[in-house]
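Proteins get letters first, then strands, A, B, ... in listed order; numbering begins at 1 in each. Computation of the quantities below employed the complete heavy-atom set of this structure, encompassing side-chain atoms and omitting hydrogens, waters and symmetry-equivalent molecules.
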Amino acid sequence: MSKSANIEKTVIKSERTAWNRFIYNNNTVGYIFASPFILGFLVFTLIPMLSSLYYSCTDYNLIEKEHFIGIQNYADLFKDERFLNSIKVTLQYVIISVPCKLAFALFIAFLLTRPSKLVGFYRSWYYLPSLIGGSVAVALVWKELFARKGLINLNLARLGINGPNWFGGMTTAKWPIVLMTVWQFGSSMLIFAAGLKEIPTSYYEAAKIDGANGWQSFFKITMPCLSPIILFNLIMQLISSFMVFTQAFVITKGGPNDATMYYALYVYKQGINNRNMGYASAMSWVMLVIMSVITAIVFKTSKHWVFNEAEG
Amino acid sequence: MKLRKPVAIIATLAMVLSLAACGEEPASVSETAPASVSTEASTSVEASVEPEAEAEPITLHMAWWGSQTRHDRTIAVIELYESLHPNINIEYEPMDFDGYFNKLTTLVASNEVWDIFQLGSNFPTYQSKIYCLNDFIADGTIDVSGTTDAFLRIAADENGNQVGLCSGVNTYGIAYDPQLFADAGVAEPTENWTWEDYKQACLTIHEKLGIYGSSKFDDWQAGASMGVNQEGFGIGFFTKTNDGLGFDDPKMLSDYIQMRSDLVKAGAYPDPGACNEISDIENDFVVSGEAAMTWVASNQFVSLCNAAGRELKLINPPRKKADGPAGVSIQSSQMLCVSQDSEHPEEAAKFIEFFQSNVDANKILLAERGIPTFTAVREALADDLTDVEKAVYEYVDVVGAFDTGGETVNPASPACTDAIKEQYNYYLEKVIYGEMTADEASQAIYDFAASQF
């Protein structure tokens with residue numbers, strides 16, 4: 001009896017020494033807690049990325065076995081006028097939508113810094129479009145709103161304005177899509193609101209005593225103090241704008257005459273509709289390079305316009 | 001601090017809303033669930049009575065594209081089949097055309113194609129996934145005694161492999177509203193009308209009534225596939241063997257492209273933005289009276305008439321020359337195929353046979369996919385055809401009697417058709433928006449198409 005108890009004890013002890021030393025190790029604990037993310041990253045990000053890198057050098061069409069064709073896809077890309085056009089319209093979209101969205105988000109966030117009982121309510125209310133905005137359902141609503149005889153044109157007609165055929169004109173088609181993006185300003189707004197709260201009120205008081213008006217204190221205090229937040233929002237919105245897909249896919253299908261054939265939509269069209277998966281993979285990699293370069297440029301130039309309190 | 005509560009409420013509300021949006025698909029599945037439960041309940045009773053129903057339960061997956069009418073009828077037939085074969089459970093996915101082929105492509109890549117699936121003349125693209133039915137026909141699993149060799153051949157490849165069973169034959173045509181033609185003082189089209197007549201009719205109707213003369217056409221069919229056929233007997237966009245282009249003059253494409261561009265500029269034909277508002281035949285501009293005619297596949301005519309609720313007529317598409325070939329021909333509208341990925345190809349084949357040849361099933365389907373190819377089915381349906389359905393039968397007979405110059409129709413189109421069609425529509429829009437001339441576009445389409453072989 002006592003003997004077996006002893007054995008048990010030694011077993012537990014030895015387990016403690018080997019197994020427990022492993023399991024209580026800080027690194028092990030860290031990896032275990034991080035494992036859901038690591039697994040997800042491997043399965044849903046790294047492996048698909050590597051396989052797309054491989055496919056980008058093949059003529060894979062989803063149905064037949066692929067053949068390795070080297071950099072042929074990449075060479076073809078720069079001869080493809082539709083591809084070059086898709087870069088052009090995507091850049092155009094990013095340049096219009098990102099500043100509009102950020103300005104609007106900052107404006108609303110600024111309004112909502114006023115002490116009011118309903119601030120929390122408004123903040124949540126304005127955040128709603130961001131929660132539902134990416135969905136197909138809202139895009140369909142948008143399509144109806146801006147249809148030839150949709151609500152927008154109906155109301156314009158009441159004001160005596162002859163509303164354009166939004167999705168029929170190459171110049172007008174992008175505006176409803178840009179508007180829909182700007183409408184989803186919620187997440188940027190919340191981040192701005194948090195940033196605005198961090199600015200000490202004593203700065204504004206001091207400026208007021210020195211006789212600064214509203215605009216002056218906004219441009220001399222708010223903007224510099226908020227610049228790190230603006231940088232963060234700018235980068236996030238740049239990246240998400242480059243990947244614009246749902247709105248164009250549902251509302252315009254890239255038309256008219258490729259005026260809204262955005263990069264991601266063209267990737268989809270080539271990969272799924274035309275079954276040129278290899279070509280589409282190559283396109284995605286070019287997109288990655290373009291986005292990295294633009295993000296790098298923003299970071300590089302940020303030195304000149306982002307105000308850092310620790311340095312300043 | 002006080003404001004936490006409304007924040008929380010709105011956040012919850014938003015989450016519930018977004019969940020509801022995500023949950024759309026499962027919800028529609030559960031809608032159909034009660035129906036399948038009830039059939040299961042009734043079948044379990046039958047099972048205890050019928051000794052032969054002890055077979056192991058089998059689940060088959062099936063998908064098709066189409067309009068709501070087709071979805072409702074096909075689901076009813078599936079439920080009928082399940083009630084007759086208690087051990088078979090069919091899970092189905094009704095879809096629209098684009099969504100169907102996008103999903104099919106991804107399923108092909110992952111070797112998970114539905115057991116029973118629908119294909120049209122584009123079947124060569126998916127040939128590696130099609131289970132050849134010759135053995136099933138030889139051993140009697142599929143009884144083809146009720147149909148003819150000619151009807152079997154329209155769902156077979158050039159080597160005689162039976163790739164599917166035809167769901168019905170159809171042909172293309174123009175549906176028009178005779179009242180609107182009369183209102184505008186335009187003579188109704190005849191069998192020998194030409195594209196010039198069509199253009200004039202569109203312009204006059206637009207001028208007199210302020211509506212579109214014509215609604216959205218299938219440009220690829222009208223301008224290229226059928227358009228080239230109209231040049232002369234034996235001339236086609238592709239060769240008979242699908243290994244190259246069947247014509248050598250790009251100008252054969254120009255006239256249609258030029259006409260389309262002119263009509264859009266005149267406002268007599270919807271621009272690409274307006275065309276995009278049409279999601280299926282049931283909300284075509286003809287239905288709302290905003291256009292006087294539209295392009296249809298003959299089997300869609302019934303849905304179109306039902307949606308419009310007015311008298312519409314069916315005529316063959318305009319010709320290039322009044323005495324030239326009509327270009328249209330009778331074809332398999334679509335077929336049901338068994339997939340190579342299926343674990344139960346025999347059961348899938350039995351279902352297809354039932355679907356195409358069973359009289360009760362086809363009394364539910366009512367030739368919505370085209371005129372049935374099994375004689376008994378056609379005869380059973382002939383007794384209670386509506387006037388609209390009779391018009392479709394008559395129209396198909398008229399097209400069948402057109403002079404084809406002794407040519408037979410190739411039921412298959414080459415795998416690169418989708419890419420060429422995409423490019424055709426791309427260049428067509430370039431002409432409409434004035435970035436290219438019709439001749440340049442035709443040349444570009446021709447060069448692209450030729451480069452695919």
Side-chain angles (χ1 to χ4, degrees), chain A residues 60-65 81-82 85 116-138 140 143-144 146-150 164-170 172-173 186 251-259 261 268-277, chain B residues 1-15 17-18 20-22 24 98 101-110 125-129 264 270-277 279 288 290 415-416 418-423 425-436 444:
Chain A
Y60 186 45
N61 69 359
L62 291 166
I63 292 169
E64 288 151 28
K65 183 96 185 86
E81 50 178 317
R82 288 191 91 174
N85 175 65
S116 154
K117 275 191 179 171
L118 286 172
V119 161
F121 171 77
Y122 281 131
R123 234 174 244 172
S124 327
W125 197 244
Y126 286 126
Y127 189 68
L128 261 184
S130 301
L131 285 175
I132 55 168
S135 74
V136 172
V138 176
L140 284 173
K143 186 175 171 179
E144 290 298 315
F146 284 91
R148 288 169 311 130
K149 294 176 181 167
N165 174 9
W166 295 95
F167 302 122
M170 284 179 69
T172 49
I251 302 176
T252 60
K253 300 205 171 81
N257 193 14
D258 275 7
M261 182 58 76
Y268 174 86
K269 214 171 179 87
Q270 283 289 354
I272 308 285
N273 283 13
N274 293 4
R275 293 187 301 276
N276 284 333
M277 205 37 110
Chain B
M1 284 296 136
K2 282 181 209 159
L3 301 162
R4 283 268 164 84
K5 211 179 257 174
V7 176
I9 290 169
I10 291 178
T12 329
L13 191 80
M15 273 163 67
L17 275 177
S18 60
C22 298
E24 227 166 312
D98 288 342
F101 279 101
N102 290 346
K103 176 133 194 206
L104 177 59
T105 314
T106 52
L107 291 180
V108 167
S110 55
T125 311
Y126 304 97
Q127 191 118 33
S128 62
K129 281 293 166 197
V264 170
D271 63 52
C275 284
N276 206 8
E277 288 176 19
S279 56
S288 56
E290 286 174 271
C416 58
D418 286 346
I420 297 174
K421 194 169 152 183
E422 169 76 35
Q423 213 67 10
N425 290 323
Y426 169 67
Y427 285 119
L428 178 62
E429 285 204 3
K430 275 198 167 298
V431 176
I432 292 173
Y433 285 91
E435 291 181 5
M436 263 183 161

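- Separation of atoms CD (A:Gln270) and CD (B:Glu422) is listed at 7.5 Å; rounding is to 0.5 Å.
- Distance alone, capped at 3.5 Å, places no donor-acceptor pair between the A:Asn274 side chain and the B:Ala419 backbone.
- Of the two parts of B:Thr105, the backbone and the side chain both hold a non-hydrogen atom closer than 4.5 Å to a non-hydrogen atom of chain A.
- Rounded to the nearest 0.5 angstrom, A:Ile251 CD1 and B:Asn276 CG are separated by 10.0 Å.
- Here the side chain of B:Glu435 pairs no donor or acceptor atom with the backbone of A:Asn257 at under 3.5 angstrom.
- Within the model, atoms NZ of A:Lys253 and SG of B:Cys275 stand 11.0 Å from one another, a figure rounded to the nearest 0.5 Å.
- When heavy atoms are compared at a cutoff of 4.5 Å, B:Glu290 approaches chain A solely by way of its side chain, counted from C-beta outward.
- When heavy atoms are compared at a cutoff of 4.5 Å, A:Lys149 approaches chain B solely by way of its side chain, counted from C-beta outward.
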- Task: Might you work through the side chain to side chain contact (heavy atoms under 4.5 Å, CB included) test for B:Thr106 and A:Leu62, ending with a clear yes or no?
- Result: CA-CA 7 Å; B:Thr106 52; A:Leu62 291 166; 5.6 Å; no

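- For a residue to count as touching a neighbouring chain, one of its non-hydrogen atoms must lie under 4.5 Å from one of that chain's; by this rule A:Arg275 touches chain B with the side chain only.
- Considering only heavy-atom pairs separated by less than 4.5 Å from chain B, the leading option among A:Glu144, A:Arg82, A:Lys143 is A:Arg82.
- The line from CZ of A:Arg148 to CG of B:Asp271 is 7.5 Å long, rounded to the nearest 0.5 Å.
- Contact between B:Tyr433 and A:Gly169 at its shortest, heavy atoms only, is OH-N, 4.4 Å.
- Neither the backbone nor the side chain of A:Tyr127 comes within less than 4.5 Å of any heavy atom of chain B.
- Within the 4.5 angstrom heavy-atom criterion, only side-chain atoms of A:Asn165, from C-beta onward, approach chain B.
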- Does the pair B:Thr125 and A:Ile63 meet the rule for a side chain to side chain contact (heavy atoms under 4.5 Å, CB included), with working shown? CA-CA 8 Å; B:Thr125 311; A:Ile63 292 169; 3.8 Å; yes

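- Here the shortest heavy-atom pairing between B:Glu429 and A:Pro256 reads OE1-C, 3.4 Å.
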- Task: Test side chain to side chain contact (heavy atoms under 4.5 Å, CB included) on B:Tyr426 and A:Glu81 and set out the steps.
- Result: CA-CA 11 Å; B:Tyr426 169 67; A:Glu81 50 178 317; 3.7 Å; yes

